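A short worksheet on the structure shown next.
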Amino acid sequence: MKRIAVLTSGGDSPGMNAAIRAVTRTAIYRGLDVIGFRRGYEGLLDGDGIPLTKSSVGGIILRGGTILRTARSERFRRPEGVNEAYARLKEYDIDALVVIGGDGSFRGAWRLHEIGFPVAGIPGTIDNDIAGTDYTIGFDTACNTALEAVQKLRDTASSHDRLFIVEVMGRSAGFLALEVGVASGAEYVLVPEVPFKIEDLCEKLRYARQRGKTHSMIILAEGVMSAGELASQLKDTGGYEARITVLGHIQRGGAPSSFDAVLASRMGAAAVNSLIEGQRGFMVGYVNGKIVTPPMSTAWEEKRPLNAEMMELVDCLSI
Ligand code: F6P
């Protein structure tokens, strides 16, 4: 193996730059050349590759976003997209590709693997919804960003005896909402994985007021419904007035936490070292504190369950 490529794909997440740096520096340390493709699979199809050197990845370990930029590529999803990408990789004389992204990005990489191109995946998404790893790069930072906001909202909620709904990201996964909910001591956490009835929520709110609670925080994963929709349901069903805050893309930015910077560094190095050792079609995971390299398909063939014990904690600790 002489030359590898790296790209970031799908939604960005804090720590992606630390992963790009780790892939690049490990590869150079091991005697390989590195090409970075800009804008994910879009840039790969366009042949938008740039050489990455040890100095071009200097000073980025704690920078948010991704210096390679990212995209969600419709062109790559087309059946002919994978062959075009394969041809581009060959043009650049690339021996293996490291993809940093979520499960959609991994599925794309897997298609290259199926036609015989060596690939490795590094899980980077704030959603933490990838099986095969306890943590994805960016999740910890996004939790801390959301937590800081919830803490501030709690100040004003308690001053005014108000009910607040804070909408966090997570279209089909509630990991971020649950983590933030437990860490902030929120009264209610609504996630896509656990169905809820508006009548039950109203009843819980009524009972909480009866017990002397003067304010409450609901952490809502965007995949359940919008904060605006929940506020109007609470009004119609229980007569509650809620204030809403949608945290949105602020959760995707900022410098990675030390946890994410270290995780990204370890995962980036492991991806390159495992490729050199001959592994193919794998993802890098972090399980019980150790780096593992299961097949990439683990990411979508298994489903990461939401922690039921943590769901119960929300009720128990917010009495
Ligand atoms: O997958 C990461 C994620 O941040 C989700 O939590 C969110 O629903 C989605 O991306 C938003 O995507 P976009 O960048 O297209 O707005």
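Because the structure is a prediction, the values reported are computed rather than measured. Counting starts at 1 for both ligands and their atoms, in listed order.
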Inset, instruction - Write out the residue and atom name of the closest protein heavy atom to atom 9 (C) of ligand 1, then the distance separating them to 0.1 Å. - result: Arg171 NH2, 3.5 Å
Inset, instruction - Determine whether any heavy atom of Gly102 lies closer than 4.0 Å to an atom of ligand 1. - result: no
Inset, instruction - Heavy-atom contacts with Arg252 under 4.0 Å: which atoms of ligand 1 show up? List them by number with element. - result: 3 (C), 4 (O), 9 (C), 10 (O), 11 (C), 12 (O), 13 (P), 14 (O)
Legend entry - Proximal atoms of ligand 1 relative to His249 (non-hydrogen, under 4.0 Å): 13 (P), 14 (O), 16 (O)
Legend entry - Polar side-chain atom of Tyr41 near backbone of Ala71 as donor-acceptor pair, under 3.5 Å: no
Legend entry - Lys NZ or Arg CZ of Arg111 over Phe76 ring: under 6.0 Å, within 45°: yes
Legend entry - Numbering as shown, the atoms of ligand 1 that approach Gly170 to under 4.0 Å (heavy-atom distance): 6 (O)
Legend entry - Side-chain donor or acceptor of Thr53 paired with backbone N/O of Ser56 under 3.5 Å: yes
Inset, instruction - Test the Arg154-Phe164 pair against the cation-pi criterion, namely NZ or CZ under 6.0 angstrom from the six-membered ring centroid and within 45° of the ring axis. - result: no
Legend entry - Lys/Arg cation over aromatic Tyr207: Arg211, 6.0 Å, 45° cone: yes
Legend entry - Residues Arg39, Asp46: salt bridge by 4.0 Å N-O rule: yes
Legend entry - Atom indices of ligand 1 within 4.0 angstrom of Asp127 heavy atoms, with elements: 1 (O), 2 (C), 3 (C), 5 (C), 6 (O)
Inset, instruction - Using a strict 4.0 Å cut-off to heavy atoms of Glu222, name the atoms of ligand 1 that fall inside it. - result: 5 (C), 6 (O), 7 (C), 8 (O)
Inset, instruction - Using a strict cut-off of 4.0 Å, indicate which atoms of ligand 1 neighbour a heavy atom of Arg72. - result: 10 (O), 12 (O), 13 (P), 14 (O), 15 (O)
